[in-house]
Amino acid sequence: MSFDRHLAEIAREYPQWTIWRSDAGRWWATRHRPLSAAQRDAGCAMTIDADDPDGLRGRLRDQERRAGGQHPRAGPAPP
């Protein structure tokens, strides 16, 4: 599959992100909106990258889980 098709598919799957491929061949995504303090605390990033389209999808899924609060914050367990 061509990289243009991968770009279009990922962009449709994650419309809140801008997706691109660098001249060096890395795949990138950056959010359209700034992160909230809670999202930063949850480990969210404004921009992510990966070696290939599947890797980028995996990183995007992780970011979406983190942004949705599905990942507990690291730290000691409550008493």
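FYI, the numbering just counts along the sequence from 1.
- Grouping the Ile, Leu, Val, Met, Phe, Trp and Tyr side chains by contacts below 4.5 angstrom, directly or via other members, places Y14 with L56.
- D52 pairs by the side chain to side chain contact (heavy atoms under 4.5 Å, CB included) definition with D54, not counting sequence neighbours.
- Between A29 and L60 the shortest heavy-atom distance is CB-CD2, 3.8 Å.
- For R21, the side chain to side chain contact (heavy atoms under 4.5 Å, CB included) criterion is met by F3, W27, not counting sequence neighbours.
- When all heavy atoms of G55 and A50 are compared, the closest pair comes out as C-CB, 3.5 Å.
- Residues that satisfy the side chain to side chain contact (heavy atoms under 4.5 Å, CB included) test with A45, not counting sequence neighbours, are I48, Q63.
- A salt bridge between R59 and D62 is absent, with no side-chain N of the basic residue lying under 4.0 Å from a carboxylate O of the acidic one.
- Between L7 atom CG and W20 atom CH2 the span is 11.0 Å, to the nearest 0.5 Å.
- In terms of the side chain to side chain contact (heavy atoms under 4.5 Å, CB included) criterion, R33 has no residue partners (sequence neighbours excluded).
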Chi angles and distances behind the side-chain contact (heavy atoms from CB on, under 4.5 Å) call for H6, R57: CA-CA 10 Å; H6 281 294; R57 278 189 174 99; 4.2 Å; yes
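- Nearest approach of A67 to C44, heavy atoms of both residues: N-SG, 3.5 Å.
- With sequence neighbours excluded, the residues that form a side chain to side chain donor-acceptor pair (under 3.5 Å) with R26 are D49, D51.
- The side-chain heavy atoms of I10 and W17, taken from C-beta on, include no pair separated by under 4.5 Å.
- Residues forming a side chain to side chain donor-acceptor pair (under 3.5 Å) with S22 (at least two apart in sequence, or on another chain): none.
- One finds the OG1 atom of T30 at 12.0 Å from the CD atom of Q16 (value rounded to the nearest 0.5 Å).
- Listed here is the closest heavy atom pair of P34 and M46: CA-SD, 3.9 Å.
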